[in-house]
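Read through the structure below, which is laid out as structure tokens, and then see the notes.
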There are 2 protein chains.
Amino acid sequence: MTRTYDTLLSRMGTGLQGSAIRQMGIMAAGRADLISFAPGYPDPEVFAWEAYRAIADDLLSRQSPSTLQYSPTRGLPSLIEAIVPLAQAQDIRCGPDDVLITTGSQQGIDLLARVLLDPGDVVLVELPTFTGAIAAFRSAHARLVGVRQDGDGVDVEHFRSVVARERSAGRRLKFCYLVPNFQNPSGTLMSSARRHALLQAAIELDVLLVEDDPYGDLFFDADVAAHDVRPIKAADATGQVVYLRSTSKTFAPGFRTAWLIGPAPIVARLDVAKQSADLCSSGLDQSIVREAIQRGVVTSRLPMLRDRYRQRRDVMLTALRASASSLFSPETPRGGFFVWGALRNGTDAQALVAQALAAGVVYVPGAPFFVDGTGTSYLRLAYSSAPLDRIAEGVSRLAAVMQAAEAASTP
Amino acid sequence: MTRTYDTLLSRMGTGLQGSAIRQMGIMAAGRADLISFAPGYPDPEVFAWEAYRAIADDLLSRQSPSTLQYSPTRGLPSLIEAIVPLAQAQDIRCGPDDVLITTGSQQGIDLLARVLLDPGDVVLVELPTFTGAIAAFRSAHARLVGVRQDGDGVDVEHFRSVVARERSAGRRLKFCYLVPNFQNPSGTLMSSARRHALLQAAIELDVLLVEDDPYGDLFFDADVAAHDVRPIKAADATGQVVYLRSTSKTFAPGFRTAWLIGPAPIVARLDVAKQSADLCSSGLDQSIVREAIQRGVVTSRLPMLRDRYRQRRDVMLTALRASASSLFSPETPRGGFFVWGALRNGTDAQALVAQALAAGVVYVPGAPFFVDGTGTSYLRLAYSSAPLDRIAEGVSRLAAVMQAAEAASTP
């Protein structure tokens with residue numbers, strides 16, 4: 001007798017769908033020779049292992065109870081104190097009441113979904129957008145509506161027209177979620193002019209912006225600088241923006257330490273929601289991240305990190321140009337972890353996954369990043385964590401698969 | 001202009017109420033001389049600080065990527081492998097597919113609520129029960145229905161009659177949540193006979209049991225042994241029980257590492273729900289707990305832990321008998337962290353909190369632990385984390401407050 005328990009499930013439990021990216025990661029983990037461009041993982045070789053070892057040693061020798069005791073749900077006060085000046089260095093004005101520590105930014109997104117969204121409420125997202133956000137908003141049974149973007153980021157005129165359309169249809173629009181810096185999956189860096197125009201439109205139309213910024217520190221080129229990745233939140237004088245900041249891509253994902261900066265009344269509600277979600281985040285992880293901030297561990301390593309990920313990007317793009325340029329010619333990302341683009345002739349990227357796996361390479365097809373059912377010919381290649389000396393070989397395997405598909409479709 | 005953002009809130013966001021216990025903890029943290037019997041925190045002096053330091057040092061020196069990389073949502077495979085024999089030592093038969101690592105057991109409770117509960121669905125809970133579970137079930141807008149318990153645990157006849165009543169009213173009953181070992185707040189140890197009878201009733205009536213077991217290792221007296229705290233799950237041959245196990249009270253809460261063992265089809269859904277809740281739990285914390293399990297760090301310390309918490313209990317009970325026996329004479333808990341009882345003459349324990357704070361002592365009033373609006377004369381005193389040499393003084397302050405209230409109510 002195999003029980004399924006289906007009759008016990010909630011509407012959410014019935015509707016759950018696993019993440020396409022996590023699924024790719026699991027498949028990828030099963031094959032030794034596979035070259036994986038699937039998960040957007042950072043490269044563990046560039047983690048500050050020795051600094052974290054020394055910090056953990058100090059913390060656990062000192063036996064300060066806060067390191068291993070329950071933390072306040074809001075976060076360790078000493079970590080929040082360390083974050084405030086870090087935010088100020090990004091031109092974000094905030095105090096401790098505006099900050100919530102979360103168990104990764106995924107929890108920040110999930111708490112926002114739970115505290116703000118009722119079934120049928122509208123959330124605007126970029127076309128394409130981060131699948132982890134889509135999953136959290138879908139769990140809340142929100143209506144996800146796409147806003148077009150181009151090489152400069154969100155199309156602000158389209159944003160205005162979508163807001164007007166949804167509201168005139170009588171729907172409750174709750175917020176617009178976006179990733180302005182080197183977006184996952186598109187790698188797009190939203191221009192300063194667009195950021196300004198979007199914030200003005202959001203204020204005018206009273207739309208809350210949820211700005212997710214995991215990649216802002218990882219810009220590559222001489223023509224990109226700190227002012228280009230300045231958060232929209234930095235210009236927010238009226239409480240229009242909730243800002244999410246992750247340490248996963250610069251410190252390490254394993255610490256699950258992120259923070260959210262937003263209007264105090266919203267943060268207070270998220271704090272209460274976090275009480276029943278996980279009570280508090282890890283005290284040890286929060287303490288290590290606090291010490292690492294205070295000792296400048298990651299700040300001092302950022303030039304090296306930028307250099308290493310730029311090198312990875314260049315290796316991938318060079319290989320793509322050499323072997324696949326007639327079939328796949330993505331934009332050059334100026335930061336972050338991802339190469340993104342569409343296959344020529346509208347070839348379905350999902351349909352190619354099985355062949356790619358057979359050829360020993362894997363990527364994430366683009367359709368799951370689009371909430372409007374488009375994007376079937378797109379694919380995302382992460383250059384961030386495959387072994388550097390295997391990237392060219394992975395691209396070569398992928399190019400062969402693309403060429404075979406092209407040949408098969410040409411009569 | 002102060003914005004409240006109230007119009008943006010979801011039904012859940014609007015209804016959020018902070019935990020009474022967390023609130024007491026915050027009040028308690030603000031006064032230097034205050035003696036707090038409020039939070040059910042373990043004593044940081046008994047954490048295995050030096051063992052954790054050595055383990056963290058090994059892990060971070062070894063630079064194994066899994067320590068700081070994203071983990072599988074399900075949990076680090078090496079931790080799950082270490083848990084299976086640990087569960088088998090409790091007579092729980094399980095394989096890796098039956099286990100999910102959660103960010104504290106609070107997350108396990110919350111994921112169950114999300115995957116199983118729709119608004120209006122019925123959850124049965126003990127009278128009284130853990131407030132963290134009440135909060136998670138209320139967030140899902142469940143109907144919480146109390147089942148009576150006595151000194152031997154859940155009243156199984158009442159359980160049967162409540163199940164029949166709720167079902168005959170046409171409601172969907174999803175599960176019964178219970179804490180059989182040294183329950184928070186009542187300290188009750190459910191008898192073996194009751195466990196057996198409850199499982200039989202649950203099978204017969206097809207009610208899923210959610211068995212939460214944070215305190216099972218912490219039994220005190222010569223007349224309590226491992227077989228008395230044997231989980232109901234150990235006798236579950238038909239997939240009727242989901243078992244939650246926390247490391248917070250024995251390893252340390254700061255690791256936020258817990259696990260859930262249940263029927264594979266339910267665990268698979270919870271896994272997907274966890275993807276959007278926080279993607280994965282801390283890799284460092286999971287790695288430390290795995291190593292601590294493999295090295296037997298906590299198992300070897302359990303006799304010392306039991307001894308230390310028993311000593312704390314005895315100090316509190318002795319002080320209560322000496323100064324408050326005519327006003328408050330709770331049962332003797334045989335394990336766990338809590339003394340629990342009702343004030344004589346139905347005095348309202350909530351109303352006394354302000355006087356207690358003024359007298360320099362704090363506790364948690366009982367009403368929030370009852371889902372049926374009763375319990376106003378109950379209070380919970382945690383002996384687990386107040387300084388040992390201050391417990392008698394705290395009880396003395398509390399006795400004075402009780403006596404003053406008694407005198408004021410007697411004409």
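Reckoned from all heavy atoms, side chains included, excluding hydrogens, waters and symmetry mates.
For A:D271, no part lies near chain B; criterion is any non-hydrogen pair under 4.5 Å. Contacts between A:S139 and chain B at a heavy-atom distance below 4.5 Å involve the side chain alone, from C-beta outward. B:T7 touches chain A through its backbone: at least one of N, CA, C or O sits under 4.5 Å from a heavy atom, while the side chain does not. B:T257 does not touch chain A: none of its heavy atoms, backbone or side chain, sits under 4.5 Å away. With a 4.5 angstrom heavy-atom cutoff, B:S61 touches chain A via backbone and side-chain atoms both. If you measure heavy-atom distances from B:D206 to chain A, the contacts under 4.5 Å come from the side chain alone. Both the backbone and the side chain of B:P42 come within contact range of chain A, with heavy atoms under 4.5 Å apart. Within the 4.5 angstrom heavy-atom criterion, no atom of B:R138 approaches chain A. Contacts of A:L117 with chain B are made by backbone atoms alone, with heavy-atom separations under 4.5 Å and no side-chain atom involved.
Residues passing the ring-ring contact (aromatic ring centres under 6.0 Å, His included) test with B:Y52 are B:F255, sequence neighbours excluded. Taking the ring-ring contact (aromatic ring centres under 6.0 Å, His included) definition, one finds that A:Y177 meets it with A:F137, sequence neighbours left out.
When B:A277, B:A136, B:G104 are compared by the number of non-hydrogen pairs under 4.5 Å with chain A, B:A277 comes out ahead. When A:Q69, A:K174, A:M12 are compared by the number of non-hydrogen pairs under 4.5 Å with chain B, A:Q69 comes out ahead. Ranked by heavy-atom pairs under 4.5 Å with chain A, the first of B:D285, B:I288, B:T14 is B:D285. Top candidate by heavy-atom pairs under 4.5 Å with chain A, chosen from B:Q106, B:R114, B:Q107, is B:R114. Listed options A:P65, A:P253, A:S281, A:G13 were ranked by heavy-atom pairs under 4.5 angstrom with chain B; first place goes to A:P253. Annotation: maximal heavy-atom pairing with chain A below 4.5 Å, among B:I266, B:D118, B:L208, occurs at B:D118. Put simply, of A:D121, A:T102, A:D57, the one with the most heavy-atom pairs under 4.5 Å next to chain B is A:D57. Taking chain A as the reference chain and counting heavy-atom pairs below 4.5 Å, the highest number among B:S10, B:S287, B:A56, B:G283 is found for B:S10. The greatest number of non-hydrogen atom pairs below 4.5 Å with chain B, out of A:T103, A:L111, A:I134, is found for A:T103. Top candidate by heavy-atom pairs under 4.5 Å with chain B, chosen from A:E45, A:Q286, A:Q240, is A:Q240. In terms of heavy-atom pairs under 4.5 angstrom with chain B, the leader among A:G15, A:G132, A:A273 is A:A273. Heavy-atom pairs under 4.5 Å with chain A peak, among B:S282, B:A252, B:P44, B:A135, at B:S282.
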Test B:W259 against B:L244 for side chain to side chain contact (heavy atoms under 4.5 Å, CB included), laying out the working first. CA-CA 6 Å; B:W259 52 88; B:L244 302 171; over 6 Å; no

Might you work through the side chain to side chain contact (heavy atoms under 4.5 Å, CB included) test for B:L284 and A:R256, ending with a clear yes or no? CA-CA 9 Å; B:L284 179 59; A:R256 308 309 298 126; over 6 Å; no

B:L173 and B:L124: CA distance, side-chain angles, deciding distance, side chain to side chain contact (heavy atoms under 4.5 Å, CB included) verdict: CA-CA 8 Å; B:L173 196 164; B:L124 305 186; 4.1 Å; yes

Could you go through A:I101 and A:L76, starting from their C-alpha distance and side-chain angles, then the distance that decides it, and tell me whether this counts as side chain to side chain contact (heavy atoms under 4.5 Å, CB included)? CA-CA 8 Å; A:I101 306 298; A:L76 276 185; over 6 Å; no

Audit row: A:R74, A:Q275, side chain to side chain donor-acceptor pair (under 3.5 Å) steps and yes/no: CA-CA 9 Å; A:R74 183 64 71 106; A:Q275 283 180 21; over 6 Å; no

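No donor-acceptor pair closer than 3.5 Å links the side chain of A:T73 to the backbone N or O of A:K274. With B:Y5 contributing its side chain and A:G239 its backbone, the two residues share a donor-acceptor pair below 3.5 Å. Proximity of a side-chain donor or acceptor of A:D97 to a complementary backbone N or O of A:A264 within less than 3.5 Å is not detected.
B:D58 is not listed as a side-chain neighbour of B:R53, based on a closest heavy-atom distance of 4.5 Å or more. Using a 4.5 Å heavy-atom threshold, the side chains of A:R290 and A:L59 count as touching.
The shortest non-hydrogen separation linking A:G40 to B:Y70 is O-CE1, 4.2 Å.
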